[in-house]
Amino acid sequence: MKTVRDRAYVVLIVAAALIIGLGIGAVNTASAAPAYPSKSVLLIAPSKPGSGFDGTIRAVGQTLTQEKLVQVARPVQNFPSSPIGMETVVSRYSKDPNMIAVQSVSGMLNYAIGRTPYSHKDWTPFARLISAYYGVLVRPDSPYKTLGDLIKDLKEKPETTPISGGSDDDRLCMGALFSKAGVDITKINYVAYSGGLESTLVVLEGTGKAVISTIDDIMGMIEAKQLRLLAVSPGQRMQDPLLKNIPTFRESGVDLEWGNFRYILGGKEMPDYAVKYWRDTLTKMVKTKTWQEMIKKYRWGDSFLIEGLDKFLDEKQASITEVVKKLGMDKKQ
Amino acid sequence: MDLLANLSLGFGQALSLQNVTYCFLGAVYGTILGVLPGIGSIVGISILLPITVSLPPVTAVIMLAGIYYGAAYGGSATSILVNTPGESSSVVTCLDGYQMAKQGRAKAALATSAIGSFFAGTLATVAIMFVAQPLAKVGIMFTAAEYFSLLLLAMTMVGTLLAENPIKGLFSAFAGLWLATVGMEMQTTQARFTFGSPHLVEGVDFIIVAIGLFAIPEVLDQAELITKYGLQKREQVAGRIWISYEELKQSFMPYVRGTILGFLIGVLPGIGSTPATFVVYSFEKKCSKHPEMFGKGAIEGVAAPEAANNASNQAAFVPLLALGIPGSATTAIILGAFMMYGVQPGPLLFAKDPGFVWAIICSMYIGNVILLILNLPLVNIFVKLLDLPAALLYSMVLIFCIIGVYCIRFSEFDLLLMVFFGIVGYFMRKHDYPAAPLLLGLLLGDMMEQGLLRALTLSNGNWSTFVTRPISLGFLIVTFLFLAYSFVKYIRPKKQPA
């Protein structure tokens, strides 16, 4: 840098490069509308690897890639927990057209308990994809033959009828089910574990009298006849050969259908063209053979829904908040 | 059960070129990640999961398992060399391993760690073959009350970690127990000490505290030394040729005890390898003829926990393969992976797909051999790191701690937490508050509380459940005897002059 003039040239060149670069960037963004998505899409699973969210969004990613519908980025971005994950989604990706994430009943539960300030109104749900259903199980030698038997004991002697299950959505299902059945759920001795499988141990041992769990988590136990199903939570009977003879909650006398559904979403201020694109793409995706095989593999229920999704979510959130209040899960001491 | 037929079935699959290669790759990758502070098998496996989906299921699981034990081997290296735990289960190795390194016996420490891991891993695999099913049945008998009583026993062993400062040690232990309460409590969904932030809802991460209490103060101490005495090339005390026969002999019984105890603890679902290492360390100290050497470079203090580490990691596969229930956090991810590969975990797995299960078991043997072959030469390479000037070495340690902790969950909050505990750890050191009891409290506190709450929920508030259930009563009696014995020993010396 010998003279001031030389330096001035350098500055000019750098500035020009910056302006051109920004210009290209701007043009790219502007022309992204017709050529969307212009880069690989980021998949966010607001939970740890190996969890339900994670499995779902990976399945979506795999299907999209295999059916050559969308180019997705790898790897899936995980978060330690749903509240932390959704906080990032809301704060960083609200306007980003290239991010999609997955949510479910647990997000609604977190909102109802107060673990997160964000609800489904803070992002744009595209489509509900799948439902996972719950079952009430007992040891094969248990005296309970129907759900009604269990409910009777829960009403008459809850102190000696402890139930186990997962800490979040299983507990929610328990609350919804038994409060609808007329049991005083504040008297139920519910023992919470971090996973469906862990919660079966206390029932296998005998001290726990029944366990509530997502069915796909404990299919292995059902197959091995280590546990017996009393009832399942969907509106109609399940199709799997091992499950088709199990009565639903409704058939067992409790007018309730319950499931943990998962839906795909984008940022709250995601551009309209992006939202429309995703709705169309997901509609295509669920019809593909790859996706149908995924559902079979994981034993999910195909519950694709776009029309009326917002209403569904609002209603679900309301019933969840109601159960949470009844269970006292939102109380701060 | 035709054992030979099963073994040949398993080895037949496991010894395929593809499977051995992937096992090797997994082991190498796992070792590297284990060395990186804060990152262990959990993060390592999560990152590779999507890639493994394209592999045949057996190969994929073999690779994941390779990462699992590789991380255990790797984590010990940094614990020994620079007092920085590479993973939670390597924390205890810092206590004596680092002291050994400071005395110029780093090679012996690393060697005993590798050999002990191999010994334990191999024995554990044999055990799995024979006792998986019956042990799993025993495991089922353990419910909340038993967990509580067992962990209470483990907590009382903290007495052996108190050394010269019982009051300060107890303070640390209770501080650890308090720290364990931070986060959302599962039975009541009450958030405690989270200050409204979502970052503390899961509690305080053990490995972050461990790095804060062990690694950071060491870095600061070294900085202080450099400030006082100036930059010096590290005085490498003439390292002995590798490990002596004498030291191997000393390590043998610790290997045995560590393996057995570690395996038994690891079989229990929910209790991972880290508590096993603490318990085994304390137990080893109790069994030792020279307990005062522990904490000052006793080789048994490295040999036993390292063996326990591997034994418990493999024991975690017992509930997984026999019942489909994960025995530790890492096996929980592997379970998720099973489902991604289309394998249905559960009690029927052995019966429905014995080839799969036996291939995994046989790959454990292969994995252990690979890791031994990999790690013994690495001893010499690792020790070369000690030739670096302290300023450079410890700066690198600090950088790797930052990278490693951040990579746990990509959270800046975790870094702040590490710094916070680093400062706490520094002051603890200056005032002789031992760190190990705090870590033990933190580790066991949550599980103990869950055991207590669940047991009381199951018994409808009846406290007698802890003594009416036989296994629980057994643990409580042992705890009581242990405390009584320690107390008597404590007051006895005072009586003698009289």
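All of these numbers come straight from a predicted model, not from anything done at the bench. Protein chains get the first letters and strands the later ones, always in sequence-line order, with residue 1 at the start of each.
Shown here are the salt bridge (charged side-chain N to carboxylate O under 4.0 Å, His left out) partners of A/K155, two or more places apart in sequence or in another chain: there are none. Scored by the ring-ring contact (aromatic ring centres under 6.0 Å, His included) test, A/W291 finds no partners at all (sequence neighbours excluded).
Relative orientation of the B/F193 and B/W178 rings is perpendicular, given thresholds of 30° and 60° on the angle between their planes.
Both the sub-6.0 Å distance and the 45° axial angle are not jointly satisfied by A/R58 relative to the ring of A/F53.
Looking at every heavy atom in both residues, B/A132 comes nearest to B/V318 through O-CG1, 3.5 Å. Of all non-hydrogen atoms in A/T116 and A/P83, the two that sit nearest each other are CB-CB, 4.1 Å. Scanning both residues, B/Q187 and A/Y190, for their nearest heavy atoms gives OE1-O, 3.8 Å.
Using a 4.5 Å cut-off between non-hydrogen atoms, the part of residues 266-274 of chain B that approaches chain A consists of B/P269. For residues 209-218 of chain A, heavy-atom neighbours of chain B at less than 4.5 Å comprise A/D216, sorted by residue number.
Residue B/R469 touches chain A through its side chain alone, counting heavy-atom pairs closer than 4.5 Å. For B/E202, the part sitting under 4.5 Å from any heavy atom of chain A is the side chain, from C-beta outward, and nothing else.
Residues B/R192 and B/E449 are paired through a salt bridge, judged by an N-O separation under 4.0 Å between the basic side chain and the carboxylate.
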